Structure formats: structure tokens, C-alpha cells
Amino acid sequence: MNKQTQIKPRLLKGFRDYMPPELLARRSVIERAARVFESFGFQPIDTPALEYSDVLTGKYGEEGDKLLYRFRDNGDRDVSLRYDLTVPLARVVAMHRPVMPFKRYQVAPVWRAEKPAKGRFREFLQFDIDVVGAAPPVADAEVVIAGISALRAIGIEDFKVRLNHRGLLNAVLRSFGVSDTLQEDVIRSLDKLEKAGVDAVTEMIAKTTGSVTQAGELTRMVAGMPGTAELSQLVKLDADGQDSLDELQGVMGLCRAAGMGDYIRFDLSIARGLDYYTGVVFETQLLSMPRFGSVMSGGRYDGLIGMFMGEMVPAVGISIGIDRLVNALEEAGLLKSHDIPVEVEVLAMGKDMLEPAFAVATIVRDAGYSCEIYTGFHRKLKAQLSFSAKKGVKFCVILGPDEVSQGNVVLRDMINGSQQVVRLDMLGRVLGGGNG
RNA sequence: GUGAGUAUAGCUCAAUUGGUCAGAGCACCGGGUUGUGGUCCCGGGGGUUGAGGGUUCAAGUCCCUCUACUCACCCCA
């Protein structure tokens, strides 16, 4: 090929190829999670990658809108790649009006034009479950419990789901005299507590509110990680705040009743950036690998679906970051070998043995084994066997001139190195016996 | 988006103060064994040293730009 016309192979930043080991690992993670969710009564759906832009914009906050992959299609329509699976679900509910409560799961790629970093990609797989049309605390508890169960089924135990409540957080800030316009800034600062520490966060909040003493009290209170009961003694909540607290306590109580108490924790510093959350919110960190960020998070969004239809439809959901989990499992050495080796390799020792090889392959597959014909029939038997061994096949069926002329094949056990000459018409029976 | 660092064969890494420095191991291919693997021995292919400029008699080695990756901030799945 001409060097000038050769195209440099390259990949967009934040996008990845998935080679067999990784893809198989990912698939196994997905299957385990799906099985768990189905056991909770969730049903699968799928939606298009591309949506009209106005379906997506205005749901994620100012920053979120900027991260949309947005463009004009060939028909000059303003379209965007989906940013998450929750907003498309809201659209689906408004268009299809499923029987409520509607419990669905969806595993699909989403796209965000963020700067890639560790565990952060521009195209990544989310696994979402949501309950639409159900009030707290039952549905909230159910998605959290299902999420925890899924993580455990995947082989992850070392995590904590931190829960909070948007309404509660707002009420707490009100009681500290933080005006509505400043709340967002303050929340953002509180979110940094774990990394930045009390002093730094106090300073940040003082800068936005102007009151050092208030900032200090608030920060120390949040940093003290009070329990929900403790909180109501520390802070004078208004009616809204008390309702929110009751709701959160209800959800956490149900989680404990389900035996998930060890995996959850109330954390007033959890805020979540997405605009559409209205109630309980949660975020999950791997305790030994916090660098991966949140691996499972979500919350209640009672207003979102109403944006697509005349009535309010309450909903709550959770997103699992499949890619992060696969990466974390790999880093922790918890990924088992996910090769799916072919069980039987048919080796033809020359072009003349090719037709018999195809006949043999059919017999082997009919006997219940996965089987392929080695394509390098021109290569020496040594190379063919070497290749087969590397692939980890259990048996090789060898076809040479002698065997073919006599109606035989050589069946070689690649594990122990023994082999026998088998009559072609007996091969199916010999294999069938061996494979149960 | 901001700051710092890294960038040599498919992979992991070498190459004194800029001067045979373009290498090793693994992987791959071939031979030793004219029809038999996972060991061993021998040999081979493969890199315009991320890209593009510049300094110099001479640059992988110094300078600039770009790109990619890593880490922190930010944000989150």
C-alpha cells in the first residue's frame, strides 16, 4: 500500500477499544448485575443513543449541558448523544405510559465531553435501575438494596453507600442562615470535606457567606458525621427539613431491615451535581480505591418526568459505573480469567485434508464441543499444535494423509498429552461419552 | 479548563557529561525434530526513538510547538 494513502490509526480521547479479556470481564459483570436486578423484578429496556437536544438540555445543570455531545444531523436536526440513562427513561415513560410502578433496568453506553482522567471516560457504560411511579421510602430502599446486592454479586464487598437527602440538606443550610442563592456554593464546598479537611472548607464557606463563625459551626457539624437521630438534636429543622429527615430515616431503616446496614451510612456532605434530584441521594465509594470516584450513585427525582408530561410522576433510580468496576476489579486482582477457549481444534496437515477437516468439525460440534479448524493448514504440525496449546484447547483432532486415507483421525488430549487413533464414524461417540 | 510529570520494537524497559546507542527480555516467525505442543538450543522479522520545528560538526539525549498519557485540582459513573 502506498504510504501517502495510509491512514494513521487513532482513537478519540476518552474512547476505548475493548479487547476480548476486558470485554468478557465486562460482560460477566453485566450478567451478574442483571441477574440480581431481575430477581428484584426489574425489566430490561433500551433506548437510542441519539436524542433531540431539547429532551436532554436543562436537566443536568449548567455544567452538564456543556458536556453534551451535541450537533446537527444530516437533516439539520439539533441532536445530542445521551448523557445518562435517566432522562431518556423519563422520555420513555411520558411516551409509553407503562403500568406503574414501572421497574426497569438498562445497560448502555453514555457520552460526556469531559476531560478524561483515571476511571473517567467520554464513552462509558452505565447500568441503571429505576422505579417510576412510586413514593418513598419503599422504592428508594429497594433500588439501594438492589444496587448493594448487585455489587456483592459482582464480587465487591469493600464499599460504602453514603446517603443524604436534598431537602434535608437545604433545611440544614437554612437553619444555619445560608441564603438560597448561596446554597449551591456552600454545598459544593461541603462536598470537599473529605479531601480538603475542616479548616479549608470552613475558609471556603466563610468566603461565600461572609460569616466565619457560622461557616465553622456548619463545617464542624457536618464533619462530625452525625447520625440522623443526632442531627435533629444538633439542628433546629423546619417542617420541610423534618419531613426529609423522616423520609431518609425510613429509607435507611428499610435497608437495615434487609440486612444491608453495614453498607450504608448517612453523610450530610453528599450533594450530587445533577439538577433533577429532589429527595434521597446517594453515592458509593470503594473504600480501598477511592481514586475511582463514585461507582454507584443516584437518587430520587420527582420532578423530572413531569417535564415531559402534564402530571408529576415520582421516581428514584441508581446508576452503576460498569467500566469503573471492571477497572477496579482488575486493579484489585479480582478478575478471573475470562477466556472462552475453543475446546477442540481441528488440525489439517495440508490442503487435501481440508474437506475432511470440515466434516470432522461438524461432528465435533454436534457432539457438544466448541470447535474450530485451524486456518494455518500450510504450517507444520508442530506450529499448529503449539498454537492450539497456547489457546488452551482441550483436544486436537489431527488429520494427516495417513488418517484420511484410512478413514481415521488422531484425537490428542492436550492436557495429558495422550492420543488415540479413532475411526471417523466413531468420533462423535467417543467425544459424546467424554463430554457427558 | 488549571498546574506538574512522562512519551524509545506488540509489551516491560536499557542507552555514560549531546559523539557506532538504536539495544535487552518477553511476545511473534523460522530452523534443530522430512507428521506432534507446553522444556532446551540456534537464527530471523520488526522502531523515520509520539509528531513537527530549532540549536550543533554531531540529538533518543538540549530548546520551542503540538498531540497523547499519568498525577493533583475540578467534576463525577
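By convention in this document, chain letters (A, B, ...) are assigned in the order of the sequence lines, proteins followed by strands, and residues within each chain are numbered from 1. Here the structure is a predicted model, which means the values were calculated and not measured.
Nucleotides rU12(B) and rG45(B), compared at atom P, are 24 Å apart to the nearest Å. Remark: the separation of the P atoms in rG18(B) and rU61(B) is 11 Å, to the nearest Å.
Take T219(A) and apply the side-chain contact (heavy atoms from CB on, under 4.5 Å) test, not counting sequence neighbours, and it matches L193(A), V198(A), V201(A), T202(A), I205(A). Residues forming a ring pair (Phe, Tyr, Trp, His ring centres under 6.0 Å) with F377(A) (at least two apart in sequence, or on another chain): none. Not counting sequence neighbours, F42(A) has no partner by the ring pair (Phe, Tyr, Trp, His ring centres under 6.0 Å) test. For the side chain to side chain donor-acceptor pair (under 3.5 Å) test, no residue two or more places apart in sequence or in another chain qualifies with D262(A). For the ring pair (Phe, Tyr, Trp, His ring centres under 6.0 Å) test, no residue two or more places apart in sequence or in another chain qualifies with F266(A). Here F124(A) pairs with nothing under the ring pair (Phe, Tyr, Trp, His ring centres under 6.0 Å) rule; sequence neighbours left out.
Taking a pair as Watson-Crick or G-U with both hydrogen-bonding distances under 3.5 Å, the stems of three or more pairs touching RNA chain B are B:1-7 with B:67-73, B:10-13 with B:23-26, B:28-32 with B:40-44, B:50-54 with B:62-66.
Sequence neighbours left out, not one pair with a member in residues 394-426 of chain A passes ring pair (Phe, Tyr, Trp, His ring centres under 6.0 Å). Applying the side chain to side chain donor-acceptor pair (under 3.5 Å) definition to pairs two or more places apart or across chains, those involving residues 130-154 of chain A are K103(A)-E142(A), R104(A)-D130(A), D130(A)-Y301(A), D140(A)-R300(A), R152(A)-E157(A), R152(A)-Y263(A).
Contacts between residues 102-111 of chain A and RNA chain B, defined by a heavy-atom separation under 4.0 Å, are absent.
Of the side-chain N and O atoms in K13(A), one or more sit less than 4.0 angstrom from OP1 or OP2 of rA68(B).
Salt bridge annotation for D185(A)-K207(A): absent, with no cationic side-chain nitrogen under 4.0 angstrom from a carboxylate oxygen.
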Side-chain donor-acceptor pairs under 3.5 Å in residues 82-91 of chain A, sequence neighbours left out?
{"unit_1": "R82(A)", "atom_1": "NE", "unit_2": "P109(A)", "atom_2": "O", "d": "2.7"}
{"unit_1": "R82(A)", "atom_1": "NH1", "unit_2": "T47(A)", "atom_2": "O", "d": "2.8"}
{"unit_1": "R82(A)", "atom_1": "NH1", "unit_2": "T47(A)", "atom_2": "OG1", "d": "3.3"}
{"unit_1": "R82(A)", "atom_1": "NH1", "unit_2": "P48(A)", "atom_2": "O", "d": "3.0"}
{"unit_1": "R82(A)", "atom_1": "NH2", "unit_2": "P109(A)", "atom_2": "O", "d": "3.1"}
{"unit_1": "D84(A)", "atom_1": "OD1", "unit_2": "Y60(A)", "atom_2": "OH", "d": "2.7"}
{"unit_1": "D84(A)", "atom_1": "OD1", "unit_2": "T86(A)", "atom_2": "N", "d": "3.3"}
{"unit_1": "D84(A)", "atom_1": "OD1", "unit_2": "V87(A)", "atom_2": "N", "d": "3.2"}
{"unit_1": "D84(A)", "atom_1": "OD2", "unit_2": "Y276(A)", "atom_2": "OH", "d": "2.6"}
{"unit_1": "T86(A)", "atom_1": "OG1", "unit_2": "D128(A)", "atom_2": "OD2", "d": "3.4"}
{"unit_1": "R91(A)", "atom_1": "NH1", "unit_2": "E51(A)", "atom_2": "OE1", "d": "2.9"}
{"unit_1": "R91(A)", "atom_1": "NH1", "unit_2": "E51(A)", "atom_2": "OE2", "d": "2.4"}

note = 5' to 3', nucleotides 30-41 of chain B under a 4.0 Å protein heavy-atom cut-off (B base, S sugar-phosphate only, - none) gives SSB--BBBB---
